[in-house]
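Position 1 is the first residue of the sequence, and the numbers go up from there. What you see below is based on every heavy atom in this structure, not just the backbone, and it leaves out hydrogens, waters and symmetry mates. Treat the numbers as computed from the prediction; the structure is a model and nothing was measured.
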Amino acid sequence: MEIKEFFRSKDRTHWLAMIQTCDWPAGQFLYELLTTNQIHKFCGEHVRLFLLTDGTKLAAFCTLSDVDDIKKTDKSPWIGFVYTYPAYRGRHYMRTLLNFACETARNDGAEEVFVATGETGLYEKYARSDGGEPRQGRAHDPRL
């Protein structure tokens, strides 16, 4: 397994095709943001897309960005678009990717890293929860 940064990869076309195969609606939205060059507008200028790769296969991905679903906040950076492909679930690969994203944020000077989610039980083992306001137009009730 290897962690790659999408925007620094020479194989962006390949990895983009792998992201397109994601069966999660938010993954499809990420694909749309990437193919229409809207990712920086949506996630901020400093967005990074980390890929956990298994040779030429994509095992998991997540972003580290300036903004996410919580609109009215000065909190940053955010981990978002967190996804593990079904064949790689149950092996704690996402922990590796989240740890990498958090370490990257710390190296960039961040004292905290945030995750907005509508799910219960996915991220509690990694962090604390202190709530927040959802970005306008979102149907879910994200938690911090």
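Phe29 places none of its side-chain heavy atoms less than 4.5 Å from the side chain of Gln38. Using a 4.5 Å cut-off on side-chain heavy atoms (C-beta onward), Cys102 and Ile79 make contact. Leu16 places a side-chain heavy atom less than 4.5 Å from the side chain of Thr35.
Rounding to the nearest 0.5 angstrom, the gap separating the CH2 atom in Trp15 from the CD atom in Glu5 is 13.0 Å. A distance of 12.0 Å separates CZ of Phe42 from CG of Leu34, quoted to the nearest 0.5 Å. Taking CG from Leu30 and SG from Cys43, the interatomic distance works out to 7.5 Å, rounded to the nearest 0.5 Å. Distance check, rounded to the nearest 0.5 Å: CG of Asp11 to NZ of Lys4 gives 6.0 Å.
Leu52 approaches Tyr93 most closely through the heavy-atom pair CD2-CB, 3.4 Å. The heavy-atom pair separating Leu97 from Leu51 by the smallest distance is CD1-C, 4.4 Å. The two residues Ile19 and Gly27 come nearest to each other via the heavy atoms CG2-O, 3.9 Å. Nearest heavy atoms, Gln20 versus Gln28: O-NE2, 2.7 Å. For the pair Val47 and His40, the tightest heavy-atom approach, listed with the atom from each and the gap, is CG1-CD2, 3.5 Å. Closest of all the heavy-atom pairs between Thr84 and Met94 is OG1-CE, 3.3 Å.
With hydrogens and angles ignored, the 3.5 Å screen pairs no side-chain donor or acceptor of Thr63 with any backbone N or O of Ser65. Arg12 places a side-chain N or O within 3.5 Å of a backbone atom of Ser9 that can act as its donor or acceptor partner. Remark: the backbone N or O of Pro77 is not paired with any side-chain donor or acceptor of Asp66 at under 3.5 angstrom.
Salt-bridge annotation for Arg48 and Asp108: present, with a side-chain N of the basic residue lying under 4.0 Å from a carboxylate O of the acidic one.
Between Tyr83 and Tyr85, the gap from one ring centroid to the other is short of 6.0 Å. Ring centers of Phe61 and Phe6: at least 6.0 Å apart, outside the cut-off.
Not counting sequence neighbours, the partners of Phe50 by the ring pair (Phe, Tyr, Trp, His ring centres under 6.0 Å) test are Phe100. Scanning for side chain to side chain contact (heavy atoms under 4.5 Å, CB included) contacts around Asn37 gives an empty result, with sequence neighbours left out. In terms of the salt bridge (charged side-chain N to carboxylate O under 4.0 Å, His left out) criterion, Arg91 has no residue partners (sequence neighbours excluded).
Counting heavy-atom neighbours within 6.0 Å of His46 NE2, excluding the residue itself, gives a total of 12 or less.
In this structure, Trp78 and Phe114 have tilted ring planes: the angle between them lies in the 30° to 60° band.
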- Thr96 and Met1: CA distance, side-chain angles, deciding distance, side-chain contact (heavy atoms from CB on, under 4.5 Å) verdict: CA-CA 10 Å; Thr96 301; Met1 294 292 193; over 6 Å; no
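Among Leu64, Leu49, Leu33, the single residue meeting the side chain to side chain contact (heavy atoms under 4.5 Å, CB included) criterion with Phe81 is Leu33.
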